[in-house]
J.: 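Dropping a structure here in structure tokens format, bear with me for questions.
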Amino acid sequence: MAIATLTRDDPSSQADTLTVEQLTPVIGAEISGIDLREPLNAATRDELYALLLQHKVLFFRDQQIDRDQQLAFARNFGELYAHPTGGLQSHRIIQPIAATDFIKHDVRENHWHTDTSWRLNPALGAVLRAEHIPPVGGDTIWANGGAILRGLPEDLRAAIDDLYVVHDYQSALARAGEIYPLVAHPAIRTHPETGEDIFWINFSLKPRFVDLDRAESDALLARLYDEVKKPEHSVRFRWTPGAVAFWDNRAGLHYPVRDYGDFPRVMHRVLIASDDIPHRVRATQASAA
């Protein structure tokens, strides 16, 4: 594992150095040398955001932050998003903290997914804090969508190259009294800041490809799901008390592992809003620009 120490020139920073421990070759870094209870100055905020774009997901351990401090940290990176139902369809809500941007949830079942992909402009990212975790189990896995795409067999990559995918969240929204149209996004999106092409399908929201019949769409999705599960694309994080994860929702997928029986696992998640509409930038478009 690669470990780098970044020395800050700004004497007003919360710590003299940040230590960055890269966890896998493709995704994930553990950050130390920072206290998330303290406000971030601009230099530290920009440094963390650059690391997020590089590593896709950042982990911080032993951060005894409360609700307000978690919200304050997330606000450094954008406006917070108030989810209309308090959680994804695959979450069971234990207790809403507020009818705004903060939820308390317990994962009961899941698939590889990305958050709010049913929206025209899905979330930029999320900050997740562990409150009550089992003594063993309950890990979360994040996968690099760029690595998934690069690892696809040529025929699979060609099959989805021009396809759009619909993620159906209609029933959950209806139960919450919300109305939102079905939207289609490219199965391969271009990251708006890094320019990387990303495999971007939410398997938890009944995905289906536009212009394919249901049987053909389901067969293609089944093959793709097998590719997503390959461990060389991912990092698995074991939660510890006070641990916090901050991930780029535009950069890939994640999967909470439901292997802890009836233990009342409790996590706090804050979503960060984005104005970006998933799109594909072709090489010819980029060169013309």
Side-chain angles (χ1 to χ4, degrees), residues 27 52-53 56-57 78-79 81-85 87-91 110-126 142-152 156-174 178-214 216-225 227-228 233 247-255 271-286 289:
I27 185 171
L52 178 71
L53 293 179
K56 323 299 184 189
V57 56
E79 181 180 349
Y81 171 63
H83 199 289
T85 68
L88 292 175
Q89 187 176 20
S90 55
H91 294 162
N110 221 331
H111 295 285
W112 284 102
H113 69 276
T114 184
D115 293 336
T116 65
S117 62
W118 51 272
R119 287 181 52 81
L120 181 65
N121 53 329
L124 178 152
W142 282 264
N144 180 335
I148 293 169
L149 184 62
R150 292 188 295 272
L152 291 180
L156 267 184
R157 169 65 186 260
I160 66 170
D161 193 59
D162 295 313
L163 291 183
Y164 280 70
V165 63
V166 172
H167 297 136
D168 187 351
Y169 200 49
Q170 297 294 294
S171 58
L173 290 170
E178 296 285 334
I179 298 174
Y180 199 91
L182 279 172
V183 298
H185 292 306
I188 301 173
R189 71 176 291 181
T190 301
H191 193 287
E193 295 182 80
T194 67
E196 182 180 20
D197 282 345
I198 304 294
F199 176 90
W200 207 72
I201 296 175
N202 184 338
F203 289 93
S204 72
L205 295 184
K206 298 180 288 185
R208 65 180 185 272
F209 289 115
V210 177
D211 296 329
L212 298 186
D213 64 39
R214 173 61 76 176
E216 187 179 3
S217 178
D218 287 349
L220 184 54
L221 286 164
R223 287 191 62 197
L224 290 167
Y225 198 80
E227 296 295 324
V228 169
H233 305 317
W247 71 91
D248 185 343
N249 189 57
R250 306 160 300 179
L253 311 173
H254 56 282
Y255 186 104
L271 291 169
I272 302 166
S274 173
D275 293 331
D276 179 66
I277 299 172
H279 58 282
R280 179 80 177 277
V281 178
R282 301 286 183 171
T284 53
Q285 293 174 289

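Each residue takes its place number in the sequence, starting with 1.
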J.: Taking only residues two or more places apart in sequence or in another chain, which ones pass side chain to side chain contact (heavy atoms under 4.5 Å, CB included) with L182?
T.: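 With neighbours one apart ignored, the set is V166, D168, Q170, R208.
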J.: Taking all atoms of both residues into account, what is the closest heavy-atom pair of P207 and H167, and its distance?
T.: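 The pair with the smallest heavy-atom distance is CB-CD2, 3.8 Å.
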J.: Which distance, rounded to the nearest 0.5 Å, do you find between the CD1 of I201 and the CD1 of I148?
T.: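 Reported value, rounded in 0.5 Å steps: 9.5 Å.
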J.: Once you round to the nearest 0.5 Å, how far does CG of L124 lie from CG of D115?
T.: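 If we round to the nearest 0.5 Å, L124:CG and D115:CG are 11.5 Å apart.
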J.: My understanding is that only residues two or more places apart in sequence, or in another chain, count here; which of them pass ring pair (Phe, Tyr, Trp, His ring centres under 6.0 Å) with H185?
T.: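 Checked H185 against ring pair (Phe, Tyr, Trp, His ring centres under 6.0 Å); matches are W200.
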J.: Can you list the residues that meet the ring pair (Phe, Tyr, Trp, His ring centres under 6.0 Å) rule with Y164, with sequence neighbours excluded?
T.: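 Ring pair (Phe, Tyr, Trp, His ring centres under 6.0 Å) check on Y164 returns nothing, list empty.
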J.: Could you check whether D197 pairs with R280 (Lys NZ or Arg NE/NH1/NH2 to Asp/Glu carboxylate O, under 4.0 Å)?
T.: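 Result for this pair is yes, salt bridge flagged.
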J.: Throw together a table of side-chain donor-acceptor distances under 3.5 angstrom for residues 216-224, partners on residues two or more places apart or in other chains.
T.:
residue: S217; atom: OG; partner: F209; partner atom: N; Å: 2.9
residue: R223; atom: NH1; partner: D155; partner atom: OD2; Å: 3.1
residue: R223; atom: NH2; partner: D155; partner atom: OD2; Å: 3.2

J.: Is it true that E196 and R250 have a side-chain N and a carboxylate O under 4.0 angstrom from each other?
T.: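 Salt bridge: no.
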J.: Is any side-chain heavy atom of F199 closer than 4.5 Å to a side-chain heavy atom of I188?
T.: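 Sidechains of I188 and F199: no contact.
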J.: Who are the salt bridge (Lys or Arg N to Asp or Glu O under 4.0 Å) partners of D162, not counting sequence neighbours?
T.: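 Applying salt bridge (Lys or Arg N to Asp or Glu O under 4.0 Å) to D162 gives R282.
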J.: Search all heavy atoms of Y255 against all heavy atoms of H111 and return the closest pair with its distance.
T.: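 The pair with the smallest heavy-atom distance is CD1-C, 3.5 Å.
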J.: Quick one, L163 and L212 - any side-chain contact, counting heavy atoms below 4.5 Å?
T.: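 Yes, close enough: below the 4.5 Å cut-off.
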J.: Given the rule in the side-chain contact (heavy atoms from CB on, under 4.5 Å) test, do T190 and I198 qualify, once you have shown the distances and angles that lead to the verdict?
T.: CA-CA 6 Å; T190 301; I198 304 294; over 6 Å; no
J.: For G151 and E227, which heavy atoms make the closest approach, and how far apart are they?
T.: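 Scanning both residues, the minimum pair turns out to be O-OE1, 3.9 Å.
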J.: In a check of side chain to side chain contact (heavy atoms under 4.5 Å, CB included) between Y81 and each of I272, N121, T116, which one passes?
T.: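 Exactly one candidate clears the test, T116.
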J.: Going from CG on L52 to CG on D248, what distance comes out if it is rounded to the nearest 0.5 angstrom?
T.: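 If I round to the nearest 0.5 Å, the distance is 5.0 Å.
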J.: Under the side-chain contact (heavy atoms from CB on, under 4.5 Å) rule, what do H254 and W247 come out as? Steps first, then yes or no, please.
T.: CA-CA 9 Å; H254 56 282; W247 71 91; 3.6 Å; yes
J.: Report the C-alpha distance between V228 and L253 in whole Å, list the side-chain angles of each, state the deciding distance to 0.1 Å, and finish with yes or no for side-chain contact (heavy atoms from CB on, under 4.5 Å).
T.: CA-CA 9 Å; V228 169; L253 311 173; 3.8 Å; yes
J.: What are the two closest non-hydrogen atoms of P122 and N249, and how far apart are they?
T.: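 The pair with the smallest heavy-atom distance is CB-ND2, 4.4 Å.
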J.: Which residues satisfy the salt bridge (Lys or Arg N to Asp or Glu O under 4.0 Å) test with E79, sequence neighbours excluded?
T.: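 With sequence neighbours excluded, E79 shows a salt bridge (Lys or Arg N to Asp or Glu O under 4.0 Å) to no residue whatsoever.
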J.: Is there a ring pair (Phe, Tyr, Trp, His ring centres under 6.0 Å) between W112 and F203 once you walk through the steps?
T.: CA-CA 6 Å; W112 284 102; F203 289 93; 8.8 Å; no
J.: In Å and rounded to the nearest 0.5 Å, what is the CG to NE2 distance from N144 to H233?
T.: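 If we round to the nearest 0.5 Å, N144:CG and H233:NE2 are 9.0 Å apart.
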J.: Could you state the interatomic distance from CG (L120) to CD1 (I277), rounded to the nearest 0.5 Å?
T.: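 If I round to the nearest 0.5 Å, the distance is 4.0 Å.
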J.: With no hydrogens and no angle check, is any side-chain donor or acceptor of Y180 less than 3.5 Å from a backbone partner on W118?
T.: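 Answer holds: no.
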J.: Could you give the distance from CD1 (I160) to CG (L152), rounded to the nearest 0.5 Å?
T.: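 With rounding to 0.5 Å, CD1 (I160) is 5.5 Å from CG (L152).
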J.: Distance only, no hydrogens: is a donor on one side chain within 3.5 Å (strictly under) of an acceptor on the other, for T114 and N202?
T.: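 No, no side-chain donor-acceptor contact under 3.5 Å.
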J.: Is the CG atom of D213 crowded by more than 12 outside heavy atoms at less than 6.0 Å?
T.: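 Buried by this count: over 12 neighbours within 6.0 Å.
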